[in-house]
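Notes follow once the structure below has been shown.
No experiment lies behind these values; they were computed from the predicted model shown.
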Amino acid sequence: MTKTLAVLGSTGSIGVQALEVARLSGIKIEALSGCTRVDIIENQIREFSPRIAALADEKAAAELKIKVADTSTKVLSGARGVEECARCAADTVLNSIVGIAGLAPTLAAIDAGSTLALANKESLVTGGKIVINTARERGISILPVDSEHSAIFQSIQGCRSKSQIKKLILTASGGPFFGKTRAELKDVTVEQALKHPNWSMGAKITIDSATMMNKGLELIEAAWLFDMKASDIDILVHRQSIVHSLVEYTDNSVIAQLGLPDMRIPIQYALTYPDRAPSPVGELDLAQAAALTFEKPDYETFSCINLCRKAFEKGGLFPAAVNAANEKANELFRKGAIGFLDIERAVGAAFDCVPDVSDYTADQVFETDEAVRRATERLLL
(Lines give C-alpha, C1' and ligand atoms only; values in the text may rest on other atoms or scores of the structure.)
Protein backbone atom coordinates (compact mmCIF):
# COMPACT_ATOMS: atom_id res chain seq x y z
CA MET A 1 0.00 0.00 0.00
CA THR A 2 1.14 3.53 -0.79
CA LYS A 3 2.63 5.36 2.19
CA THR A 4 3.94 8.47 0.44
CA LEU A 5 2.30 10.09 -2.56
CA ALA A 6 2.85 12.83 -5.12
CA VAL A 7 -0.28 14.16 -6.82
CA LEU A 8 0.29 15.81 -10.18
CA GLY A 9 -2.73 17.83 -11.23
CA SER A 10 -3.84 18.17 -7.62
CA THR A 11 -6.14 21.13 -8.32
CA GLY A 12 -8.26 19.22 -10.86
CA SER A 13 -11.17 16.87 -10.28
CA ILE A 14 -9.09 13.68 -10.02
CA GLY A 15 -6.40 15.34 -7.95
CA VAL A 16 -8.87 16.72 -5.42
CA GLN A 17 -10.48 13.29 -5.05
CA ALA A 18 -7.07 11.62 -4.74
CA LEU A 19 -6.25 13.90 -1.82
CA GLU A 20 -9.57 12.97 -0.22
CA VAL A 21 -8.61 9.31 -0.47
CA ALA A 22 -5.14 10.08 0.89
CA ARG A 23 -6.66 11.97 3.82
CA LEU A 24 -8.88 9.03 4.75
CA SER A 25 -6.08 6.51 4.28
CA GLY A 26 -3.43 8.43 6.19
CA ILE A 27 -1.10 8.67 3.17
CA LYS A 28 1.68 11.25 3.46
CA ILE A 29 1.76 13.79 0.63
CA GLU A 30 5.27 14.50 -0.62
CA ALA A 31 4.51 16.75 -3.60
CA LEU A 32 1.65 18.58 -5.28
CA SER A 33 1.41 20.23 -8.69
CA GLY A 34 -1.18 22.23 -10.55
CA CYS A 35 -1.42 24.73 -13.37
CA THR A 36 -2.92 28.08 -12.34
CA ARG A 37 -5.22 27.59 -9.34
CA VAL A 38 -3.34 29.35 -6.57
CA ASP A 39 -6.31 29.34 -4.17
CA ILE A 40 -6.83 25.56 -4.31
CA ILE A 41 -3.21 24.50 -4.07
CA GLU A 42 -2.55 26.97 -1.23
CA ASN A 43 -5.25 25.26 0.83
CA GLN A 44 -3.83 21.86 -0.09
CA ILE A 45 -0.34 22.92 0.98
CA ARG A 46 -1.61 24.16 4.32
CA GLU A 47 -3.48 20.91 4.98
CA PHE A 48 -1.02 18.32 3.68
CA SER A 49 2.36 20.08 4.16
CA PRO A 50 4.08 18.61 1.09
CA ARG A 51 7.84 18.94 0.81
CA ILE A 52 7.52 20.58 -2.62
CA ALA A 53 4.75 22.05 -4.78
CA ALA A 54 4.69 23.47 -8.28
CA LEU A 55 2.45 25.43 -10.61
CA ALA A 56 3.08 25.17 -14.34
CA ASP A 57 2.10 28.81 -14.83
CA GLU A 58 5.10 30.95 -13.85
CA LYS A 59 3.06 33.97 -12.74
CA ALA A 60 0.74 31.85 -10.61
CA ALA A 61 3.74 30.08 -9.06
CA ALA A 62 5.27 33.41 -8.06
CA GLU A 63 2.02 34.39 -6.37
CA LEU A 64 1.81 31.02 -4.60
CA LYS A 65 5.37 31.36 -3.32
CA ILE A 66 4.44 34.59 -1.55
CA LYS A 67 1.19 33.19 -0.13
CA VAL A 68 2.81 30.10 1.44
CA ALA A 69 6.06 31.73 2.52
CA ASP A 70 5.10 30.96 6.12
CA THR A 71 5.09 27.20 5.43
CA SER A 72 7.95 24.73 4.94
CA THR A 73 6.85 23.82 1.39
CA LYS A 74 9.29 24.70 -1.40
CA VAL A 75 7.44 26.21 -4.37
CA LEU A 76 8.65 25.48 -7.90
CA SER A 77 7.41 26.75 -11.26
CA GLY A 78 6.99 25.79 -14.88
CA ALA A 79 7.15 22.42 -16.58
CA ARG A 80 10.47 21.64 -14.92
CA GLY A 81 8.98 22.30 -11.51
CA VAL A 82 6.18 19.85 -12.22
CA GLU A 83 8.72 17.26 -13.36
CA GLU A 84 10.67 17.78 -10.14
CA CYS A 85 7.49 16.96 -8.23
CA ALA A 86 7.28 13.75 -10.26
CA ARG A 87 10.86 12.92 -9.24
CA CYS A 88 10.25 13.46 -5.52
CA ALA A 89 10.84 9.75 -4.71
CA ALA A 90 7.35 9.17 -3.31
CA ASP A 91 6.18 5.55 -3.21
CA THR A 92 3.55 6.43 -5.80
CA VAL A 93 3.12 9.31 -8.24
CA LEU A 94 -0.50 9.85 -9.27
CA ASN A 95 -0.50 11.69 -12.58
CA SER A 96 -3.84 13.38 -13.25
CA ILE A 97 -2.52 16.17 -15.48
CA VAL A 98 -4.75 16.78 -18.50
CA GLY A 99 -3.34 16.27 -22.00
CA ILE A 100 0.10 15.68 -23.44
CA ALA A 101 1.49 17.92 -20.70
CA GLY A 102 1.42 14.77 -18.58
CA LEU A 103 3.88 12.79 -20.73
CA ALA A 104 7.14 14.30 -19.46
CA PRO A 105 6.10 13.98 -15.78
CA THR A 106 5.10 10.35 -16.42
CA LEU A 107 8.58 9.61 -17.78
CA ALA A 108 10.13 11.52 -14.88
CA ALA A 109 8.22 9.48 -12.30
CA ILE A 110 9.25 6.22 -13.97
CA ASP A 111 12.87 7.39 -14.13
CA ALA A 112 12.74 8.20 -10.40
CA GLY A 113 11.57 4.67 -9.59
CA SER A 114 8.09 5.49 -8.27
CA THR A 115 5.02 3.37 -8.92
CA LEU A 116 2.86 5.26 -11.41
CA ALA A 117 -0.86 5.62 -10.75
CA LEU A 118 -1.93 6.83 -14.17
CA ALA A 119 -4.94 9.04 -14.79
CA ASN A 120 -3.27 10.86 -17.70
CA LYS A 121 -4.28 8.73 -20.66
CA GLU A 122 -2.39 10.97 -23.10
CA SER A 123 0.93 9.67 -21.75
CA LEU A 124 0.14 6.32 -23.36
CA VAL A 125 -1.76 7.73 -26.33
CA THR A 126 1.13 9.92 -27.45
CA GLY A 127 4.16 8.05 -26.15
CA GLY A 128 2.89 4.59 -25.34
CA LYS A 129 5.84 2.67 -26.77
CA ILE A 130 8.34 4.81 -24.86
CA VAL A 131 6.40 4.75 -21.59
CA ILE A 132 5.73 1.00 -21.57
CA ASN A 133 9.25 0.02 -22.62
CA THR A 134 10.87 2.37 -20.09
CA ALA A 135 8.63 1.09 -17.28
CA ARG A 136 9.47 -2.52 -18.16
CA GLU A 137 13.19 -1.80 -18.26
CA ARG A 138 13.02 -0.11 -14.85
CA GLY A 139 10.65 -2.67 -13.33
CA ILE A 140 8.06 0.04 -12.58
CA SER A 141 4.38 -0.78 -12.12
CA ILE A 142 1.78 1.30 -13.93
CA LEU A 143 -1.56 1.14 -12.12
CA PRO A 144 -4.56 2.48 -14.06
CA VAL A 145 -6.78 5.12 -12.47
CA ASP A 146 -9.26 5.77 -15.29
CA SER A 147 -12.44 3.95 -14.26
CA GLU A 148 -12.56 1.81 -17.41
CA HIS A 149 -8.96 0.66 -17.20
CA SER A 150 -9.16 0.09 -13.47
CA ALA A 151 -12.22 -2.08 -14.14
CA ILE A 152 -10.27 -4.17 -16.66
CA PHE A 153 -7.30 -4.36 -14.30
CA GLN A 154 -9.55 -5.58 -11.50
CA SER A 155 -11.28 -8.05 -13.82
CA ILE A 156 -8.03 -9.76 -14.83
CA GLN A 157 -6.80 -10.36 -11.30
CA GLY A 158 -6.32 -14.10 -11.06
CA CYS A 159 -5.94 -14.54 -14.82
CA ARG A 160 -2.90 -16.80 -15.19
CA SER A 161 -2.05 -15.99 -18.79
CA LYS A 162 -2.82 -13.19 -21.24
CA SER A 163 -3.58 -15.92 -23.79
CA GLN A 164 -6.77 -16.63 -21.84
CA ILE A 165 -8.13 -13.15 -22.63
CA LYS A 166 -10.24 -13.01 -25.76
CA LYS A 167 -11.49 -9.45 -25.71
CA LEU A 168 -11.63 -6.25 -23.66
CA ILE A 169 -14.93 -4.36 -23.58
CA LEU A 170 -14.80 -0.69 -22.64
CA THR A 171 -18.07 0.87 -21.55
CA ALA A 172 -19.05 4.42 -22.44
CA SER A 173 -21.77 6.64 -21.03
CA GLY A 174 -22.39 7.99 -24.53
CA GLY A 175 -22.07 11.55 -23.25
CA PRO A 176 -24.78 14.21 -23.48
CA PHE A 177 -25.46 13.67 -27.19
CA PHE A 178 -25.97 9.92 -27.46
CA GLY A 179 -28.73 9.20 -30.00
CA LYS A 180 -28.32 12.54 -31.78
CA THR A 181 -27.84 12.75 -35.53
CA ARG A 182 -25.03 14.66 -37.21
CA ALA A 183 -27.51 17.30 -38.26
CA GLU A 184 -28.56 17.76 -34.64
CA LEU A 185 -24.92 18.09 -33.55
CA LYS A 186 -24.06 20.80 -36.04
CA ASP A 187 -25.11 23.71 -33.84
CA VAL A 188 -24.74 22.36 -30.28
CA THR A 189 -23.30 24.83 -27.80
CA VAL A 190 -20.41 24.56 -25.37
CA GLU A 191 -22.88 24.69 -22.48
CA GLN A 192 -24.82 21.73 -23.88
CA ALA A 193 -21.64 19.73 -24.46
CA LEU A 194 -20.50 20.31 -20.87
CA LYS A 195 -23.65 18.72 -19.38
CA HIS A 196 -22.41 15.19 -18.79
CA PRO A 197 -25.19 12.85 -17.59
CA ASN A 198 -23.20 10.86 -15.00
CA TRP A 199 -19.69 12.10 -14.25
CA SER A 200 -18.25 15.31 -12.83
CA MET A 201 -15.08 16.01 -14.81
CA GLY A 202 -12.97 18.86 -16.09
CA ALA A 203 -14.09 20.82 -19.15
CA LYS A 204 -11.66 19.29 -21.63
CA ILE A 205 -12.50 15.70 -20.72
CA THR A 206 -16.23 16.46 -20.66
CA ILE A 207 -16.06 17.76 -24.24
CA ASP A 208 -14.06 14.66 -25.18
CA SER A 209 -16.91 12.60 -23.75
CA ALA A 210 -19.42 14.55 -25.82
CA THR A 211 -17.50 13.82 -29.06
CA MET A 212 -16.67 10.31 -27.76
CA MET A 213 -13.04 11.08 -28.56
CA ASN A 214 -12.43 10.15 -24.95
CA LYS A 215 -13.40 6.57 -25.70
CA GLY A 216 -11.02 6.47 -28.65
CA LEU A 217 -8.19 7.70 -26.45
CA GLU A 218 -9.13 5.10 -23.84
CA LEU A 219 -9.01 2.39 -26.51
CA ILE A 220 -5.40 3.33 -27.27
CA GLU A 221 -4.58 3.47 -23.55
CA ALA A 222 -6.10 0.02 -22.99
CA ALA A 223 -4.16 -1.45 -25.91
CA TRP A 224 -0.87 -0.29 -24.37
CA LEU A 225 -1.72 -1.10 -20.75
CA PHE A 226 -2.92 -4.64 -21.45
CA ASP A 227 -0.85 -5.44 -24.56
CA MET A 228 -3.87 -5.95 -26.79
CA LYS A 229 -4.60 -5.36 -30.47
CA ALA A 230 -7.09 -2.59 -31.21
CA SER A 231 -9.22 -5.17 -33.00
CA ASP A 232 -9.59 -7.08 -29.71
CA ILE A 233 -11.07 -4.09 -27.89
CA ASP A 234 -14.79 -3.43 -28.19
CA ILE A 235 -16.88 -0.52 -26.93
CA LEU A 236 -20.41 -0.61 -25.57
CA VAL A 237 -22.56 2.37 -24.62
CA HIS A 238 -23.82 1.80 -21.10
CA ARG A 239 -25.84 4.85 -20.11
CA GLN A 240 -26.06 4.04 -16.40
CA SER A 241 -22.24 4.01 -15.85
CA ILE A 242 -22.53 1.16 -13.34
CA VAL A 243 -20.58 -1.50 -15.28
CA HIS A 244 -17.22 0.18 -15.77
CA SER A 245 -15.73 -2.32 -18.24
CA LEU A 246 -15.57 -6.04 -18.94
CA VAL A 247 -13.15 -8.79 -19.94
CA GLU A 248 -14.22 -11.70 -22.13
CA TYR A 249 -12.16 -14.86 -21.79
CA THR A 250 -11.47 -17.66 -24.26
CA ASP A 251 -14.22 -19.79 -22.73
CA ASN A 252 -16.65 -16.89 -23.40
CA SER A 253 -17.00 -16.13 -19.70
CA VAL A 254 -17.26 -12.38 -19.11
CA ILE A 255 -16.03 -10.75 -15.90
CA ALA A 256 -16.94 -7.14 -15.14
CA GLN A 257 -16.34 -4.58 -12.40
CA LEU A 258 -19.39 -2.69 -11.15
CA GLY A 259 -19.74 0.28 -8.84
CA LEU A 260 -21.24 3.70 -8.44
CA PRO A 261 -19.90 6.30 -10.90
CA ASP A 262 -17.41 7.78 -8.45
CA MET A 263 -13.70 8.14 -9.26
CA ARG A 264 -12.66 7.62 -5.66
CA ILE A 265 -13.15 3.86 -6.16
CA PRO A 266 -10.46 3.40 -8.87
CA ILE A 267 -8.22 6.03 -7.25
CA GLN A 268 -8.28 4.17 -3.94
CA TYR A 269 -7.65 0.80 -5.58
CA ALA A 270 -4.54 2.17 -7.30
CA LEU A 271 -3.26 3.53 -3.98
CA THR A 272 -4.00 0.42 -1.90
CA TYR A 273 -3.21 -2.26 -4.52
CA PRO A 274 -2.97 -5.21 -4.10
CA ASP A 275 -5.14 -4.72 -1.02
CA ARG A 276 -8.56 -3.13 -0.65
CA ALA A 277 -9.74 -0.73 2.03
CA PRO A 278 -13.09 0.58 3.29
CA SER A 279 -14.45 3.00 0.72
CA PRO A 280 -15.58 6.62 1.01
CA VAL A 281 -18.14 5.72 -1.68
CA GLY A 282 -21.54 4.25 -0.89
CA GLU A 283 -22.62 0.70 -1.68
CA LEU A 284 -24.03 -0.18 -5.07
CA ASP A 285 -27.70 -1.15 -4.74
CA LEU A 286 -28.46 -3.12 -7.89
CA ALA A 287 -32.16 -3.34 -7.03
CA GLN A 288 -32.31 0.44 -7.00
CA ALA A 289 -30.18 0.70 -10.14
CA ALA A 290 -32.86 -1.33 -11.95
CA ALA A 291 -32.17 -1.92 -15.67
CA LEU A 292 -28.65 -1.94 -17.03
CA THR A 293 -28.61 -1.38 -20.79
CA PHE A 294 -25.92 -1.83 -23.43
CA GLU A 295 -25.84 -0.58 -27.02
CA LYS A 296 -23.32 -0.34 -29.83
CA PRO A 297 -21.88 3.14 -30.45
CA ASP A 298 -22.92 5.09 -33.52
CA TYR A 299 -19.51 5.07 -35.19
CA GLU A 300 -20.66 7.21 -38.12
CA THR A 301 -21.96 10.08 -35.98
CA PHE A 302 -19.13 9.76 -33.44
CA SER A 303 -16.30 8.86 -35.79
CA CYS A 304 -13.51 10.03 -33.46
CA ILE A 305 -13.53 6.55 -31.89
CA ASN A 306 -12.54 4.80 -35.10
CA LEU A 307 -10.09 7.57 -36.02
CA CYS A 308 -8.26 6.73 -32.79
CA ARG A 309 -8.45 3.02 -33.60
CA LYS A 310 -6.97 3.74 -37.03
CA ALA A 311 -4.20 5.86 -35.49
CA PHE A 312 -3.18 3.08 -33.10
CA GLU A 313 -3.19 0.49 -35.86
CA LYS A 314 -1.00 2.72 -38.05
CA GLY A 315 1.30 3.27 -35.08
CA GLY A 316 4.27 5.57 -34.90
CA LEU A 317 3.41 9.23 -34.45
CA PHE A 318 -0.19 8.98 -35.65
CA PRO A 319 -1.70 8.62 -32.15
CA ALA A 320 0.22 11.72 -31.03
CA ALA A 321 -1.08 13.55 -34.09
CA VAL A 322 -4.77 12.79 -33.53
CA ASN A 323 -4.38 13.68 -29.86
CA ALA A 324 -2.79 17.04 -30.70
CA ALA A 325 -5.52 17.86 -33.22
CA ASN A 326 -8.17 16.99 -30.66
CA GLU A 327 -6.58 19.00 -27.86
CA LYS A 328 -6.35 22.10 -30.06
CA ALA A 329 -9.81 21.73 -31.58
CA ASN A 330 -11.33 20.99 -28.17
CA GLU A 331 -9.78 24.21 -26.83
CA LEU A 332 -11.05 26.24 -29.79
CA PHE A 333 -14.56 24.84 -29.38
CA ARG A 334 -14.60 25.70 -25.68
CA LYS A 335 -13.63 29.25 -26.62
CA GLY A 336 -16.54 29.42 -29.08
CA ALA A 337 -14.24 29.80 -32.10
CA ILE A 338 -15.37 26.66 -34.00
CA GLY A 339 -18.33 24.30 -34.23
CA PHE A 340 -18.74 20.98 -32.46
CA LEU A 341 -18.27 18.86 -35.61
CA ASP A 342 -15.07 20.74 -36.45
CA ILE A 343 -13.36 18.74 -33.70
CA GLU A 344 -13.89 15.52 -35.62
CA ARG A 345 -12.77 17.22 -38.86
CA ALA A 346 -9.52 18.28 -37.24
CA VAL A 347 -8.84 14.79 -35.89
CA GLY A 348 -9.37 13.28 -39.32
CA ALA A 349 -7.05 15.80 -40.96
CA ALA A 350 -4.22 15.03 -38.52
CA PHE A 351 -3.20 11.91 -40.43
CA ASP A 352 -1.83 14.12 -43.22
CA CYS A 353 0.41 16.08 -40.87
CA VAL A 354 3.00 13.49 -39.84
CA PRO A 355 5.39 11.01 -41.48
CA ASP A 356 4.69 7.29 -41.32
CA VAL A 357 7.45 5.99 -39.03
CA SER A 358 7.58 2.86 -36.91
CA ASP A 359 9.85 4.19 -34.18
CA TYR A 360 10.04 7.57 -32.46
CA THR A 361 11.60 9.51 -29.62
CA ALA A 362 9.96 11.66 -26.95
CA ASP A 363 11.33 14.75 -28.70
CA GLN A 364 9.60 13.67 -31.92
CA VAL A 365 6.33 13.27 -30.02
CA PHE A 366 6.54 16.83 -28.70
CA GLU A 367 7.55 18.17 -32.14
CA THR A 368 4.58 16.37 -33.69
CA ASP A 369 2.27 17.83 -31.08
CA GLU A 370 3.39 21.38 -31.82
CA ALA A 371 3.25 20.93 -35.60
CA VAL A 372 -0.23 19.39 -35.59
CA ARG A 373 -1.57 22.10 -33.27
CA ARG A 374 -0.38 24.75 -35.73
CA ALA A 375 -1.87 22.83 -38.66
CA THR A 376 -5.18 22.43 -36.83
CA GLU A 377 -5.40 26.14 -36.13
CA ARG A 378 -4.75 26.92 -39.81
CA LEU A 379 -7.41 24.42 -40.84
CA LEU A 380 -10.15 25.63 -38.53
CA LEU A 381 -9.64 29.39 -38.26
Side-chain angles (χ1 to χ4, degrees), residues 13-14 16-18 20-21 24-25 96 119 121 143-159 165-180 192-202 205-212 214-219 221-222 226 233-249 252-273 275-299 301-302 305:
S13 174
I14 299 298
V16 168
Q17 292 176 86
E20 181 180 345
V21 171
L24 294 171
S25 303
S96 63
K121 61 180 64 65
L143 303 176
V145 172
D146 278 346
S147 61
E148 296 83 357
H149 304 86
S150 176
I152 292 170
F153 184 61
Q154 293 181 59
S155 297
I156 63 175
Q157 299 305 306
C159 175
I165 299 174
K166 180 179 179 181
K167 185 190 301 182
L168 306 182
I169 304 170
L170 299 172
T171 56
S173 69
F177 302 137
F178 180 69
K180 299 287 188 183
Q192 290 170 326
L194 287 172
K195 292 180 179 178
H196 195 280
N198 298 333
W199 295 93
S200 175
M201 306 178 290
I205 298 175
T206 304
I207 298 301
D208 281 348
S209 179
T211 62
M212 294 197 73
N214 202 41
K215 209 51 53 179
L217 298 176
E218 288 173 4
L219 184 152
E221 181 182 10
F226 305 108
I233 304 174
D234 283 350
I235 294 169
L236 284 176
V237 175
H238 169 54
R239 297 293 281 165
Q240 297 81 19
S241 296
I242 296 296
V243 178
H244 296 296
S245 279
L246 313 91
V247 177
E248 183 175 330
Y249 289 89
N252 293 331
S253 295
V254 178
I255 295 178
Q257 185 263 334
L258 286 70
L260 295 176
D262 191 309
M263 284 302 300
R264 290 173 296 178
I265 296 174
I267 290 169
Q268 179 170 280
Y269 188 65
L271 298 184
T272 62
Y273 178 79
D275 296 324
R276 294 182 183 269
S279 176
V281 181
E283 291 184 4
L284 171 62
D285 185 340
L286 282 173
Q288 185 178 7
L292 301 179
T293 60
F294 302 89
E295 301 177 62
K296 291 184 178 180
D298 180 349
Y299 289 112
T301 301
F302 299 96
I305 301 174

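At least one side-chain heavy atom of Gln268 sits less than 4.5 Å from a side-chain heavy atom of Pro280. Side-chain contact check for Ile165 versus Tyr249: some heavy-atom pair is nearer than 4.5 Å. In this structure the side chain of Val145 never reaches within 4.5 angstrom of the side chain of Ser96, judged on heavy atoms. Counting heavy atoms from C-beta on, the side chains of Leu170 and Ile152 come closer than 4.5 Å. For the pair Gln157 and Phe153, the minimum side-chain heavy-atom distance is below 4.5 Å. Counting heavy atoms from C-beta outward, Lys180 and Asp298 have side chains that stay 4.5 Å or more apart.
Separation of atoms CZ (Arg239) and OG (Ser173) is listed at 6.0 Å; rounding is to 0.5 Å. For the atom pair Asp234 CG and Glu248 CD, the distance stands at 8.0 Å (nearest 0.5 Å). For the atom pair Met212 CE and Phe178 CZ, the distance stands at 7.5 Å (nearest 0.5 Å). The line from CD of Glu218 to CG of Asp146 is 5.5 Å long, rounded to the nearest 0.5 Å. Remark: Leu246 CG to Lys167 NZ distance equals 10.5 Å, nearest 0.5 Å. Atom-to-atom distance recorded for Ser245:OG and Leu258:CG is 10.5 Å, nearest 0.5 angstrom.
For Gln257 (side chain) and Ser150 (main-chain N/O), no donor-acceptor pair under 3.5 Å exists by modelled atom type. Side-chain N or O atoms of Glu221 include none that pairs as donor or acceptor with a backbone N or O of Leu217 at under 3.5 Å. Remark: side-chain polar atoms of His238 are paired, donor with acceptor, to backbone N or O of Val243 under 3.5 angstrom. For the pair His196 (side chain) and Pro176 (backbone), a donor-acceptor distance under 3.5 Å is absent.
The two residues Ile14 and Ile267 have their closest heavy-atom pair at O-CD1, 3.8 Å. The two atoms that bring Gly202 and Thr206 nearest to each other are O-OG1, 2.7 Å, heavy atoms only. Between Ile305 and Pro297 the shortest heavy-atom distance is CD1-CB, 4.2 Å. For the residue pair Ser241 and Pro261, the shortest heavy atom distance occurs at O-CB, 3.7 Å. Between Ser155 and Ala256, the shortest heavy-atom distance links the atoms OG-C, 3.5 Å. Listed here is the closest heavy atom pair of His149 and Phe226: O-CZ, 3.5 Å.
Among the candidates Lys121, Lys215, His244, the single residue satisfying the side chain to side chain donor-acceptor pair (under 3.5 Å) test with Glu148 is Lys215.
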*asked:* Run the side chain to side chain contact (heavy atoms under 4.5 Å, CB included) test on Arg264 and Ser279 for me, step by step, so that the C-alpha distance in whole Å, both residues' side-chain angles and the decisive distance to 0.1 Å come before the verdict.
replied: CA-CA 8 Å; Arg264 290 173 296 178; Ser279 176; 6.0 Å; no
